[in-house]
**Q** 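Please find one structure pasted underneath; my questions will follow.
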Amino acid sequence: MRPSWDEYFLKLAMLASERATCPRMHCGCVIVKNKYVLSTGYNGSLPGAAHCDEEGCLIVDDHCVRTNHAEMNAICQAARQGVSLDGATAYVTNMPCTTCAKALAIAGIRRVVVFSDYHDSLAERFFEKAGVQLDRVAAPGREINYDLESYSSARPFDEQKPESTKG
């Protein structure tokens with residue numbers, strides 16, 4: 001069955017979360033406008049810096065500060081590419097923390113879609129004050145409905161041999 005747009009973009013956020021390097025929480029964020037992906041992010045360390053899964057988490061006040069959150073990475077990726085997020089929707093695997101909620105609102109995000117809560121209740125209040133619509137939806141299925149039957153006659157790439165060339 002074909003997924004709804006919300007399910008589709010949440011699945012992309014789930015896929016992005018697989019790149020996360022902090023074992024405390026894998027989070028992904030996909031920012032979309034007019035059904036077009038503008039930016040993606042996952043929680044991970046600064047470029048060139050050690051990652052939690054390599055050197056361990058750096059905990060301050062019960063939070064890992066070694067990593068940037070998925071939302072911040074998605075916002076920064078868009079900024080580096082000169083992409084405006086004004087009026088966009090953020091699909092996030094987990095409810096944003098207060099800091100990320102404020103950053104999303106400041107960046108111009110008008111809607112946030114999540115399927116998992118986070119312990120930070122202030123984020124919801126910040127969204128409300130900033131006029132950001134928060135939608136909590138059911139988690140999309142983890143399976144990918146790929147139609148293998150359509151490709152039953154195709155051979156996998158590793159079984160294909162290049163044609164010999166003469167000349």
Side-chain angles (χ1 to χ4, degrees), residues 1-49 51-53 64-118 120 122-124 126-151 154 156-157:
M1 183 167 150
R2 189 174 186 195
S4 71
W5 286 110
D6 284 351
E7 291 169 328
Y8 173 72
F9 292 123
L10 280 172
K11 280 188 176 191
L12 290 179
M14 291 168 70
L15 184 61
S17 78
E18 290 186 15
R19 294 276 309 150
T21 60
C22 183
R24 291 172 53 98
M25 180 182 290
H26 283 211
C27 186
C29 177
V30 174
I31 301 178
V32 174
K33 187 172 183 180
N34 299 324
K35 299 177 185 161
Y36 179 77
V37 174
L38 302 176
S39 182
T40 64
Y42 54 87
N43 53 331
S45 297
L46 294 171
H51 292 278
C52 297
D53 58 4
C64 180
V65 297
R66 185 180 303 280
T67 61
N68 292 308
H69 290 186
E71 302 92 329
M72 291 294 194
N73 280 328
I75 291 168
C76 292
Q77 182 188 79
R80 289 184 68 162
Q81 299 303 316
V83 175
S84 171
L85 302 179
D86 194 40
T89 297
Y91 291 88
V92 191
T93 55
N94 305 80
M95 177 69 177
C97 70
T98 300
T99 302
C100 288
K102 292 187 294 185
L104 289 167
I106 290 167
I109 300 297
R110 291 289 120 223
R111 180 176 178 236
V112 174
V113 181
V114 300
F115 65 81
S116 178
D117 268 333
Y118 183 68
D120 191 344
L122 284 175
E124 192 167 351
F126 281 116
F127 283 147
E128 188 177 320
K129 294 236 183 255
V132 176
Q133 178 182 335
L134 175 62
D135 291 326
R136 287 180 170 91
V137 300
R142 294 177 59 183
E143 71 283 345
I144 301 297
N145 296 313
Y146 187 73
D147 182 14
L148 289 174
E149 296 299 316
S150 298
Y151 303 98
F157 285 113

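Along the sequence shown, the residues carry numbers beginning at 1. The analysis underlying the following values was restricted to heavy atoms, covering all of them including side chains, and did not include hydrogens, waters or symmetry mates.
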**Q** Please collect all salt bridge (Lys or Arg N to Asp or Glu O under 4.0 Å) contacts where either partner lies in residues 18-35, sequence neighbours excluded, each pair once.
**A**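 As it turns out, the salt bridge (Lys or Arg N to Asp or Glu O under 4.0 Å) pairs with a partner in residues 18-35, which skip direct neighbours, are Arg24-Asp62.
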**Q** Can you list every ring-ring contact (aromatic ring centres under 6.0 Å, His included) pair that touches residues 90-113, not counting sequence neighbours?
**A** Phe9-Tyr91
**Q** Could you give the side-chain donor-acceptor pairs of residues 77-89 under 3.5 Å, partners two or more places apart or in another chain?
**A**
unit_1 : atom_1 : unit_2 : atom_2 : d
Gln77  : OE1    : Ser39  : OG     : 3.0
Gln77  : OE1    : Thr40  : N      : 2.9
Ser84  : OG     : Asp86  : N      : 3.2

**Q** Just verifying a value: how many Å separate Glu71 CD and Ile109 CD1, rounded to the nearest 0.5 Å?
**A** 10.5 Å
**Q** Quick one: does Asn94's side chain have a donor or acceptor within less than 3.5 Å of a partner on Cys27's backbone?
**A**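 Flag not set: sc Asn94 to bb Cys27 has no pair under 3.5 Å.
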**Q** Identify the two heavy atoms, one from Pro96 and one from Cys100, that lie closest to each other, and give their separation to 0.1 Å.
**A**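 Closest approach of Pro96 to Cys100, heavy atoms only: CB-CB, 4.0 Å.
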**Q** Taking side chain to side chain contact (heavy atoms under 4.5 Å, CB included) as the definition, give me every residue that meets it alongside Asn73, ordered by chain and number, with sequence neighbours left out.
**A**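 For Asn73 the side chain to side chain contact (heavy atoms under 4.5 Å, CB included) partners, ignoring immediate neighbours, are Asn68.
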**Q** Using every non-hydrogen atom in the two residues, find where Asn43 and Ala20 come nearest and quote the distance to one decimal.
**A**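 Smallest interatomic distance, heavy atoms only, reads OD1-CB, 2.9 Å.
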**Q** Hey, could you give me each pair passing ring-ring contact (aromatic ring centres under 6.0 Å, His included) that has a residue in residues 15-43? Not counting sequence neighbours.
**A**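 Found none.
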**Q** Would Thr21 and Arg66 count as a side-chain contact (heavy atoms from CB on, under 4.5 Å) here? Give the steps.
**A** CA-CA 10 Å; Thr21 60; Arg66 185 180 303 280; over 6 Å; no
**Q** Drop me the distance from Met25's CE to Cys97's SG, to the nearest 0.5 angstrom.
**A**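 So the CE of Met25 and the SG of Cys97 are separated by 9.5 Å.
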**Q** Which value, rounded to the nearest 0.5 Å, describes the distance between Leu46 atom CG and His51 atom NE2?
**A** 9.0 Å
**Q** Check whether any side-chain heavy atom of Cys64 sits under 4.5 Å from a side-chain heavy atom of Cys52, and report yes or no.
**A**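 The answer is yes, as the side chains (C-beta and beyond) meet within the 4.5 Å cut-off.
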**Q** For residues 126-139, which side-chain donor-acceptor pairs fall under 3.5 Å, sequence neighbours excluded?
**A**
unit_1 : atom_1 : unit_2 : atom_2 : d
Gln133 : NE2    : Asp135 : OD1    : 3.2
Gln133 : NE2    : Asp135 : OD2    : 2.7
Asp135 : OD2    : Arg111 : NE     : 2.6
Asp135 : OD2    : Arg111 : NH2    : 3.1
Arg136 : NE     : Asp117 : OD1    : 2.9
Arg136 : NH2    : Asp117 : OD1    : 3.2
Arg136 : NH2    : Glu124 : OE1    : 3.1

**Q** Roughly how far apart are Leu10 CG and Cys29 SG, rounded to 0.5 Å?
**A** 10.5 Å
**Q** Within the distance-only criterion (no hydrogens, no angle test), does the side chain of Thr93 pair as donor or acceptor with the backbone N or O of Met14 below 3.5 angstrom?
**A**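 A pair under 3.5 Å: no.
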